[in-house]
Amino acid sequence: QVQLVESGGGLVQAGGSLRLSCAASGRSFSRYDMGWFRQAPGKEREFVAIITWTDSNTYYADSMKGRFTISRNNAKNTVYLQMNSLKPEDTAVYYCAARPAGSWDYWGKGTLVTVSS
């Protein structure tokens, strides 16, 4: 069983930055793909970024490329999402997720990011 706890959300002005963290329990963290997703009010959850466990390759949704950076520290069982040049449309609850094999089996409860214009 893996537990994920997000932190770092808050209120920021447009153009600002935030760094989200996701702390994971469990000894197999380094062997999981880790991802960030978000859900804006009234919208479906959407993919933000993923970092693989094999070689730490990263992939991003098109709207986040160049602004967001996902990284991981396996020694600390933590994955990060650095968000720069934030826009009001980035307002959402951000979720961390872990993928041991083919599906996103573990999810955190989310952290709210609000970007004011």
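- At least one side-chain heavy atom of Val113 sits under 4.5 Å from a side-chain heavy atom of Leu18.
- Every residue meeting the ring pair (Phe, Tyr, Trp, His ring centres under 6.0 Å) condition with Phe47, not counting sequence neighbours, appears here in chain and number order: Phe37.
- With hydrophobic clusters built from ILVMFWY side chains whose heavy atoms lie under 4.5 angstrom apart, Leu4 does not share a cluster with Trp107.
- Between the side chains of Asn73 and Thr78, not a single donor N or O lies within less than 3.5 Å of an accepting N or O.
- For Tyr95 against Glu6, the heavy-atom pair with the smallest separation is CA-OE2, 3.4 Å.
- Residues Met64 and Arg38 are in side-chain contact: their nearest non-hydrogen atoms beyond the backbone lie under 4.5 Å apart.
- Between Tyr59 and Thr52 the shortest side-chain heavy-atom distance falls below 4.5 Å.
- Considering only heavy atoms from C-beta on, Phe68 comes within 4.5 Å of Leu81 through its side chain.
- Taking hydrophobic clusters as Ile, Leu, Val, Met, Phe, Trp and Tyr residues chained together by side-chain heavy-atom distances below 4.5 Å, Val115 shares a cluster with Met83.
- Using modelled atom types, no side-chain atom of Thr114 and backbone atom of Leu11 make a donor-acceptor pair closer than 3.5 Å.
- Considering all non-hydrogen atoms of both residues, Pro88 and Ser117 come closest at CG-CB, 3.9 Å.
- Between Asn74 and Arg72, the closest side-chain pair of non-hydrogen atoms falls below 4.5 Å.
- Taking CG of Asn57 as the reference point, atom CD1 of Ile51 lies at 8.5 Å (rounded to 0.5 Å).
- Nearest heavy atoms, Pro100 versus Asp105: CD-OD2, 3.8 Å.
- In terms of modelled atom types and a separation under 3.5 Å, the side chain of Ser21 and the main chain of Ser7 share no donor-acceptor contact.
- For the pair Val48 and Tyr60, the minimum side-chain heavy-atom distance is 4.5 Å or more.
- Side-chain N or O atoms of Asp33 include one that pairs as donor or acceptor with a backbone N or O of Trp53 at under 3.5 Å.
- Side-chain heavy atoms closer than 4.5 Å link hydrophobic residues (I, L, V, M, F, W, Y) into clusters, and following such links, possibly through other members, connects Tyr106 to Phe29.
- One finds the OG1 atom of Thr91 at 8.0 Å from the CG atom of Leu112 (value rounded to the nearest 0.5 Å).
- The existence of a salt bridge linking Asp90 and Lys87 is excluded, since no basic side-chain nitrogen approaches an acidic carboxylate oxygen closer than 4.0 Å.
- For the pair Leu20/Trp36, a side-chain contact is recorded, criterion being any heavy-atom separation below 4.5 Å from C-beta on.
- Around CD of Gln3, the count of heavy atoms belonging to other residues, nucleotides or ligands within 6.0 Å does not exceed 12.
- In this structure, Trp104 CH2 and Met34 CE are separated by 7.5 Å, a value rounded to the nearest 0.5 Å.
- There is a path of hydrophobic side-chain contacts, each under 4.5 Å, that joins Tyr94 to Val2.
- Counting only heavy atoms from C-beta outward, the side chains of Gln82 and Ser17 approach each other to under 4.5 Å.
- Under a cutoff of 6.0 Å and an axis angle of 45°, Arg99 and Tyr32 do not form a cation-pi pair.
- Side-chain atoms of Ser30 do not come within 3.5 Å of backbone N or O of Ser28 as any donor-acceptor pair.
- Residues satisfying the side chain to side chain donor-acceptor pair (under 3.5 Å) criterion with Arg45, sequence neighbours excluded, are absent altogether.
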